[in-house]
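A quick note: this is a predicted structure, and the numbers were derived from the prediction, not measured.
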Amino acid sequence: MPILSIDDPRARRAALAFLVLAPLLYGLLALALGMDANWDLRNYHWYNAYAFLTGRLGIDLLPAQMPTFYNPLLDVPFYLLASTLPAPVAGFIWAALQGLNLSLLFLLAHTTLRIGTPGQRVALAAVLALMGGLGGGTLGLLGTTFHDNMVSLGVLGALVVIAGGLPGLLDGPAPRAFGRVALAGVLAGAAMGLKNPTVIYAVGLCLAFLVLPARPWRRLWLAFFFGIGVLGGLALFAGFWMAHLWHDYGNPVFPHMNHVFKSPFAAISDYVNVGFFPASTLERLFFPFFFTFAPLKVGEVPFLDLRVLILFVLVPVAAALALLATVFRLRSEPLADPAASRFLLTAMAVTYALWVVMFCIYRYLVPLEILGPVAIVMAAGLLPVARTAKLAVAGVLLVLAQATMQPADWGRVPWSARWVEAEVPPIEAPEDTMVLMAGYWAISHVIPEFPARVRFVRIQSNFLQPDSVGNGYLALLKDKVGAHRGRFLMLSTVPDTAGAAKAAALLGLRVDQQDCRAIPNNLGEPLNLCAVQRVTMD
């Protein structure tokens, strides 16, 4: 580890202390923010892990709406922590794991910066790492289950592996260089496998090898072996789930890209969320100028962070000026390793370009936000001005970004003894009971509180409605409900009860809205559990 080779003992001790303490302090910060109660946690992060661990994949039907089909692997560690430990303890551990981003960012900054004495470089790397963990999106995700700041560990880990071996990658022994980039690819591929939108980072990192100052064939081979590593990481962390989806539905990323795979169990659609796409080509081309000050264009909640906008302006300007300086042979001393700067800034530019075409959901850009402070210093270092002027530009931009930051809040509640608490009324004959779910709200988090023998079928969701056309999954739903000869109940939020009754009527069922029992829970609205009678069956 380069940290251990620092000549100054005090700087070395300070660096090691930061690597250890930063994640722990991040965990304490999460406790101060409150317990995560976000919509996705209540909709699928809690249920998917529970279903995977208890073998309910073939028992329940669509309880978590469309995300029922998402890879549950990253939800499992959180569920195990939060279902076995007191909620504050689990929250601290989970946030401390997310705090490893700070340690990785510190390593990346320290490895690539070319500033000052060993002590000064450690101090600057620590400041940049702390700022990386205090962005508007990043701080909002602290202690939550969205996982964008967990898969970022794979992205940052890949960058640390690459940056730590850059001299050897450029002209060192080929086997060692190719093995190193393959390892980095495995980390990026693992992140992609655990959360599919992270594909934009894997592609960005892969293409960035093509701009390194190395022989052309060397660049191509580096990109090739990195890509092989990505496929390996993807196979290790998502292969089992993709095989499951392929076997059961004929689409390894079901229901996404179903216009390609044409599974009969979903509509012929790409299932892309276009709700956050820019309104025009002009807006897409200059998107950071629009969404930075209107964050609901790229997310569900307000926040403010200038890093992406700063980089959107600074990187092309600095790159163009650096190119002109090269043409006119003007000398300029960079603030970071030139090859590392070229690699990281290119990877981030490609990643952003893919994001603005494919997603436009800000949470997916959080790993880039985390890298923002280091990238700002690297980009400022390209400016053909005096070193003190570069540092001044970087310092002003970093202070401006941090001083104006306003964190997102996707929903937090005061800490409870247990992360999920729900008062489920007694269920008679649970082995003969099917609980129907309707409405579009997130309610599957209470399922583990029911008796294990109760089956759940969601008849109305953001993937399927009882009157859907062109979605073959409806036949599975009707068969499941039609074959049940025991008792039905209906689970919904209290406001959704009337809509749930209308959805049930389309299946020949009647919800008795006068025979409902409340299910209070600590994360969301009170739920209704209502009696259901069969009226007719088609």
Of all residues at least two apart in sequence or in a different chain, which pass the salt bridge (Lys or Arg N to Asp or Glu O under 4.0 Å) check with Arg510? none

Identify every side-chain donor-acceptor pair in residues 223-242 under 3.5 Å, counting partners at least two apart or on other chains, and give the distances.
from	atom 1	to	atom 2	distance (Å)
Trp241	NE1	Phe69	O	2.8

Is it the case that the ring center of Tyr79 lies less than 6.0 angstrom away from the ring center of Trp46? yes

For residues 203-211, which side-chain donor-acceptor pairs fall under 3.5 Å, sequence neighbours excluded?
none

Ignoring hydrogens and angles, tell me if any N or O in the side chain of Gln98 forms a donor-acceptor pair with the backbone of Leu153 under 3.5 Å. no

Nearest 0.5 Å, please: how far is CH2 in Trp419 from CG in Asp36? 6.0 Å

From Trp246 CH2 over to Asn251 CG, what is the distance, rounded to the nearest 0.5 angstrom? 7.5 Å

Asp60: what forms a salt bridge (Lys or Arg N to Asp or Glu O under 4.0 Å) with it, not counting sequence neighbours? Arg56

Just to verify, what does Ser416 make a side chain to side chain donor-acceptor pair (under 3.5 Å) with, not counting sequence neighbours? Asn522

If I take atom OG1 from residue Thr138 and atom CG from residue Asp305, how far apart are they, to the nearest 0.5 angstrom? 7.0 Å

If the condition is side chain to side chain donor-acceptor pair (under 3.5 Å), which residues does Asp40 pass it with, not counting sequence neighbours? none

Between Phe254 and Tyr271, is the gap from one ring center to the other below 6.0 Å? no

Taking side chain to side chain donor-acceptor pair (under 3.5 Å) as the definition, give me every residue that meets it alongside Arg517, ordered by chain and number, with sequence neighbours left out. none

Got a sec, which residues hit salt bridge (Lys or Arg N to Asp or Glu O under 4.0 Å) with Glu525, two or more places apart in sequence or on another chain? none

For residues 190-202, which residue pairs pass the salt bridge (charged side-chain N to carboxylate O under 4.0 Å, His left out) check, not counting sequence neighbours? Asp148-Lys195

Sorted by chain and number, sequence neighbours left out, side chain to side chain donor-acceptor pair (under 3.5 Å) with Asn196 holds for none

Can you name the residues that form a salt bridge (Lys or Arg N to Asp or Glu O under 4.0 Å) with Glu283, not counting sequence neighbours? Lys297

Suppose we screen for side-chain contact (heavy atoms from CB on, under 4.5 Å). Which residues come up paired with Lys502, at least two apart in sequence or across chains? none

